[in-house]
Colleague: 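Quick one: the structure is below, and I'll ask about it shortly.
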Amino acid sequence: GLDLRANYFNDKRPVYAKAVQVLADLSVQTPQSKYDEKAFDLVQRAKARTLLDALGRDSSRLHPLGTQELKTHLGAKGVLEYFAADRDLLVWAVDENGARLFNLGPVEKTLPLVESIHRSLSSSAALPEDAWVTLSNRLLPSKASHLWHSGLLHIAADADLRRLPFELLRIPGDANRMLIEAVSLSYLPSTSALGLEPDPVQNHQLEVAGFANPQLESEPSHPDSLRERLVQRFQLEPLPGAESELRSLEKWLPQPQRLLTGPEATEQAYRSAISYSPRIAHIATHSVIDDQLGWGTAIVLSPDGTDDGLLFPREIAQQNGAVGLSVLAACRTATDPGRNLDALDTLTGAFLAGGSSAVLATLWDVGDESAAIFLDQFYYRIGRGSSAADALRETKLAMMADVRWESPALWAGYVLVGDAQPITPSYWAVSTSTRFVVAAATLVVILVLGNYWRRRRD
């Protein structure tokens with residue numbers, strides 16, 4: 001018997017990979033033995049442990065869930081859970097009936113193609129259609145086709161698959177149709193992350209918290225701080241264009257809002273706003289991914305006399321407040337291409353662990369102009385009561401249909417991680433100006449009808 005205790009495999013990915021491979025092989029030899037479910041349970045432990053190690057043991061909300069426990073969280077949701085084992089790439093199709101294992105073949109046959117596609121997308125290079133068809137046939141098991149006809153599909157990727165926007169995959173048997181045209185998608189660190197969904201907040205004291213274009217100059221008292229060294233090393237520059245994203249929040253979403261820029265966008269201001277449990281927290285700033293940080297990644301905010309202006313994953317995971325949606329706008333990440341994917345995964349996982357129902361992030365850097373257009377469209381749909389997943393899908397389809405923005409490099413990099421429920425009630429989500437127009441139009445109709453009936457009586 002294999003010892004499946006999480007602490008036995010702590011920080012030992014190669015051991016996990018070998019053990020999962022053994023269980024997957026045994027499931028083929030003895031199909032009735034439920035080794036496929038045992039392998040799935042081990043994958044949950046592996047992924048949960050990786051995130052726990054990054055965020056600290058005090059992230060108590062994070063724990064692996066077995067197949068039986070997951071049934072209570074799935075409902076009508078479906079999940080494709082991927083894992084790069086010792087030899088093969090594996091995927092489990094997870095629904096209310098359990099987890100069914102599919103072997104997708106050798107890891108080295110698929111992951112290099114994924115890396116090549118990501119590199120092409122992030123540099124706006126054209127991709128041959130046959131590359132997409134080949135990858136789609138390798139990653140989407142046709143016997144799990146019911147999952148992409150369910151309205152919402154969760155993807156729990158692994159290894160380099162986390163670089164891939166699955167929305168662009170072609171539906172097996174229908175090469176002319178992308179997955180995004182059939183279903184809304186959201187991503188998960190693992191299927192167990194469904195258990196991270198926070199309890200509904202009865203009273204959000206703040207609708208929107210927004211932070212953009214922080215001050216990059218250090219405090220005079222900290223001229224040689226870690227933050228200052230990072231600003232200099234990565235040559236971080238001001239982001240005045242990011243402030244336009246806050247105007248979209250103000251235009252489409254309700255009050256009260258707390259929108260902060262420049263020197264006001266501090267760590268303390270962020271913590272204070274999150275304590276009011278805003279429905280949306282929008283962060284339009286630089287993030288840096290670097291091994292020298294110790295924590296791998298940090299979000300850059302403005303310094304003040306108390307804090308260093310670097311928001312680390314462990315600090316995010318311990319924040320006090322429940323957020324409907326955290327938006328890492330444009331993910332302006334200072335890093336070499338292809339490095340430290342685990343750090344970005346840790347960052348989104350930290351927001352989930354810290355009480356966010358969902359996180360919107362990007363898989364590569366997105367230009368200011370296209371980001372402003374994309375997010376304006378996204379928040380318009382959120383403001384009309386769409387779920388985050390549906391709003392994201394509708395925005396991508398709209399961009400895809402517009403010749404000015406049809407390049408996948410401009411919109412496919414946005415991914416939703418976590419829950420996909422509606423963020424705002426549809427009526428109160430419209431802007432103040434929109435409500436005024438509706439009220440005025442209603443008043444005009446009432447006056448016209450009233451005048452009409454008075455004339456009839458006369």
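If you're wondering where the values come from, they're calculated on a predicted model, not measured in any experiment.
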Colleague: Are the aromatic rings of Tyr82 and Phe166 close, with centres under 6.0 Å apart?
Modeller: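 Yes - the distance between ring centres of Tyr82 and Phe166 falls below the 6.0 Å cut-off.
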Colleague: If you round to the nearest 0.5 Å, how far is CG of Leu23 from NZ of Lys34?
Modeller: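 Nearest 0.5 Å value for the NZ-CG distance: 15.0 Å.
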Colleague: Go through it in stages, so that I can follow the logic: the residues are His154 and Ser186, the test is side chain to side chain donor-acceptor pair (under 3.5 Å), and I'd like the CA-CA distance, side-chain angles, deciding distance and then a yes or no.
Modeller: CA-CA 5 Å; His154 291 294; Ser186 77; 2.4 Å; yes
Colleague: I'd like to know if the side chain of Thr297 and the backbone of Val288 have a donor-acceptor N/O pair within less than 3.5 Å.
Modeller: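 Judged by distance alone, yes, a pair lies under 3.5 Å.
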Colleague: Just by modelled atom types, is the Pro112 backbone N or O under 3.5 Å from a matching donor or acceptor in the Ser116 side chain?
Modeller: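 Here the side-chain-to-backbone pair does not exist.
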Colleague: Donor-acceptor pair, distance only, cut-off 3.5 Å: does the side chain of Arg177 make one with the backbone of Glu181?
Modeller: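 At least one qualifying donor-acceptor pair exists.
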Colleague: Would you find a donor on one side and an acceptor on the other, under 3.5 Å apart, between the side chain of Asn213 and the backbone of Leu239?
Modeller: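 Yes; judged by distance alone, with no hydrogens or angles, the pair exists.
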Colleague: Can you tell if the side chain of Leu325 reaches within under 4.5 Å of the side chain of Ser356, non-hydrogen atoms only?
Modeller: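 Answer no - side chains too far apart.
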Colleague: Please confirm whether the backbone N or O of His204 pairs with a side-chain atom of Glu207, one donor and one acceptor, at under 3.5 Å?
Modeller: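 Judged by distance alone, no pair lies under 3.5 Å.
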Colleague: Which heavy atom of Leu301 sits nearest to which heavy atom of Pro214, and what is that distance?
Modeller: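 Here Leu301 and Pro214 meet closest at C-CB, 3.7 Å.
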Colleague: For a 4.5 angstrom cut-off between non-hydrogen side-chain atoms, does Leu310 reach Leu230?
Modeller: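 Contact flag for Leu310/Leu230 side chains = yes.
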Colleague: Return yes if a side-chain donor-acceptor contact under 3.5 Å exists between Gln44 and Glu81, otherwise no.
Modeller: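 Result is yes, a qualifying pair exists.
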Colleague: Is the shortest side-chain N to carboxylate O distance from Arg13 to Asp158 below 4.0 Å?
Modeller: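 Salt bridge: yes.
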Colleague: Between Ile280 and Val323, does a side chain to side chain contact (heavy atoms under 4.5 Å, CB included) hold up when you go through it step by step?
Modeller: CA-CA 6 Å; Ile280 292 176; Val323 181; 6.0 Å; no
Colleague: Calculate, to the nearest 0.5 Å, the distance between atoms OG1 and CG belonging to Thr110 and Leu89 respectively.
Modeller: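 CG of Leu89 is found 5.5 Å from OG1 of Thr110.
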Colleague: Would you please indicate yes or no on a ring centroid separation below 6.0 angstrom for Trp252 and Tyr380?
Modeller: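 So the answer is yes for these two rings.
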Colleague: Do Arg271 and Asp307 sit within salt-bridge range, that is, some charged N less than 4.0 Å from a carboxylate O?
Modeller: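 Between Asp307 and Arg271 there is a salt bridge, with a charged N closer than 4.0 Å to a carboxylate O.
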Colleague: Side-chain donor-acceptor pair under 3.5 Å between Arg381 and Gln377, yes or no?
Modeller: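 A pair is found: one side chain offers a donor N or O, the other an acceptor, under 3.5 Å apart.
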Colleague: Strictly distance-based, threshold 3.5 Å: is any side-chain N or O of Thr285 a donor or acceptor partner for the main-chain N or O of Val300?
Modeller: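 The answer is yes, because a donor-acceptor pair under 3.5 Å joins these two groups.
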Colleague: Can you list the steps and then say if Arg87 with Asp25 is a salt bridge (charged side-chain N to carboxylate O under 4.0 Å, His left out)?
Modeller: CA-CA 10 Å; Arg87 184 181 69 251; Asp25 292 343; 3.0 Å; yes
Colleague: Any chance you could lay out the side chain to side chain contact (heavy atoms under 4.5 Å, CB included) test for His118 and Trp364, step after step, and finish with the verdict?
Modeller: CA-CA 9 Å; His118 177 272; Trp364 53 78; 3.9 Å; yes
Colleague: Is there a donor-acceptor contact under 3.5 Å from the side chain of Glu37 to the main chain of Ser33?
Modeller: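 Here the side-chain-to-backbone pair does not exist.
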Colleague: Does Ala322 offer a backbone N or O that forms a donor-acceptor pair with the side chain of Ser277 under 3.5 Å?
Modeller: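 It does hold such a pair.
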Colleague: Working to the nearest 0.5 angstrom, can you tell me the gap between Leu416 CG and Leu360 CG?
Modeller: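 Between atom CG of Leu416 and atom CG of Leu360 there are 6.5 Å.
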Colleague: Atom CD1 of Ile171 and atom CD1 of Ile180: how far apart are they, to the nearest 0.5 Å?
Modeller: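 Between Ile171 CD1 and Ile180 CD1, I get 11.0 Å after rounding to 0.5 Å.
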Colleague: Within the supplied structure, the quantity of interest is the number of heavy atoms (other residues, nucleotides, ligands) at a distance under 6.0 Å from Tyr35 OH; does it exceed 12?
Modeller: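 For Tyr35, atom OH is not crowded (no more than 12 foreign heavy atoms under 6.0 Å).
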Colleague: Is it the case that Tyr270 and Gln319 place a side-chain donor and acceptor less than 3.5 Å from each other?
Modeller: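 Judged by distance alone, the side chains do pair up.
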Colleague: Would you call Arg404 and Met399 a side-chain contact if the rule is heavy atoms closer than 4.5 Å?
Modeller: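 No - every pair of side-chain heavy atoms lies 4.5 Å or more apart.
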Colleague: Does any part of the side chain of Glu267, heavy atoms only, come nearer than 4.5 Å to the side chain of Asp308, both counted from C-beta?
Modeller: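 With C-beta onward as the side chain, the pair touches.
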Colleague: Hey, mind stepping through Leu168 and Leu179 against side chain to side chain contact (heavy atoms under 4.5 Å, CB included) and telling me if it holds?
Modeller: CA-CA 6 Å; Leu168 298 182; Leu179 195 58; over 6 Å; no
Colleague: For Ser386 and Arg393, does a side-chain donor sit closer than 3.5 Å to a side-chain acceptor?
Modeller: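 Per modelled atom types, Ser386 and Arg393 side chains form no pair under 3.5 Å.
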Colleague: Using modelled atom types only, decide if a donor and an acceptor are shared between the side chain of Trp411 and the backbone of Glu406 within a distance under 3.5 Å.
Modeller: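 Checking the backbone N and O of Glu406 against the side chain of Trp411, a donor-acceptor pair under 3.5 Å is found.
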Colleague: Given side chain to side chain contact (heavy atoms under 4.5 Å, CB included), test Trp148 with Leu140 step by step and report yes or no.
Modeller: CA-CA 10 Å; Trp148 49 84; Leu140 298 177; 3.8 Å; yes
Colleague: For a quick check under 3.5 Å, do Ser27 and Asp36 share a side-chain donor-acceptor pair by atom type?
Modeller: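 Their side chains do not contain a donor-acceptor pair, so the 3.5 Å distance test is not met.
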Colleague: Any side-chain heavy atom of Tyr16 within less than 4.5 Å of one from Val43?
Modeller: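 No, too far: nothing below the 4.5 Å cut-off.
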Colleague: Answer yes if the ring centres of His282 and Tyr379 are under 6.0 angstrom apart, and no otherwise.
Modeller: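 Yes, they do, as the ring centres are separated by less than 6.0 Å.
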Colleague: Between Leu259 and Leu249, is there a side-chain heavy-atom distance shorter than 4.5 Å?
Modeller: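 Yes. Closest side-chain heavy atoms under 4.5 Å.
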Colleague: Have Asp390 and Ser184 got a donor and an acceptor in their side chains that come within less than 3.5 Å?
Modeller: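 Note: Asp390 and Ser184 side chains meet the donor-acceptor criterion.
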Colleague: Closest approach of Ala175 and Arg170, non-hydrogen atoms and distance?
Modeller: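 Looking at all heavy atoms of both residues, the closest pair is O-CG, 3.0 Å.
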Colleague: Please name the pair of heavy atoms, one in Phe378 and one in Ala388, separated by the smallest distance, quoted to 0.1 Å.
Modeller: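 Where Phe378 meets Ala388 most closely, the heavy atoms are CE1-O, 3.7 Å.
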Colleague: If we only count heavy atoms from C-beta on, is the Leu397 to Thr395 side-chain gap below 4.5 Å?
Modeller: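 No; the side chains remain at least 4.5 Å from each other.
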Colleague: So how far is it from Asp365 CG to Ser122 OG, rounded to the nearest 0.5 Å?
Modeller: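 Answer for the CG-OG pair, Asp365 versus Ser122, is 9.0 Å.
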Colleague: Would you say that more than 12 heavy atoms from the other residues, nucleotides or ligands in this model lie under 6.0 Å from the CG of Asp402, or not?
Modeller: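 Counting neighbours around CG of Asp402, more than 12 heavy atoms of other residues, nucleotides or ligands fall under 6.0 Å, so yes.
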Colleague: Using a 4.5 Å cut-off on heavy atoms from C-beta on, say whether the side chain of Leu135 contacts that of Leu139.
Modeller: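 Counting from C-beta outward, Leu139 and Leu135 do come under 4.5 Å.
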Colleague: Has Glu129 got more than 12 heavy atoms of other residues, nucleotides or ligands less than 6.0 Å from its CD?
Modeller: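 For Glu129, atom CD is crowded (more than 12 foreign heavy atoms under 6.0 Å).
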Colleague: Can you see which heavy atom on Ala389 is nearest to which on Leu152, and at what distance?
Modeller: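 In this case the closest contact between Ala389 and Leu152 is CB-CD1, 3.9 Å.
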Colleague: Can you tell me how far the OG atom of Ser124 sits from the CG atom of Leu410, to the nearest 0.5 Å?
Modeller: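 One finds 6.0 Å between OG of Ser124 and CG of Leu410.
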Colleague: Between Arg163 and Asp160, is the closest basic N to carboxylate O distance under 4.0 Å?
Modeller: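 A salt bridge links Asp160 with Arg163.
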Colleague: What verdict does the salt bridge (charged side-chain N to carboxylate O under 4.0 Å, His left out) test give for Glu167 and Lys396, after you've listed the backbone C-alpha separation in whole Å, the side-chain angles of each residue and the deciding distance to 0.1 Å?
Modeller: CA-CA 9 Å; Glu167 290 94 329; Lys396 289 184 175 183; 2.8 Å; yes
Colleague: Can you see which heavy atom on Leu113 is nearest to which on Ala131, and at what distance?
Modeller: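 It is CD2-O, 4.1 Å.
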Colleague: For Gly418 versus Leu352, what's the shortest heavy-atom pair and its separation?
Modeller: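 Shortest heavy-atom contact: CA-CD2, 4.1 Å.
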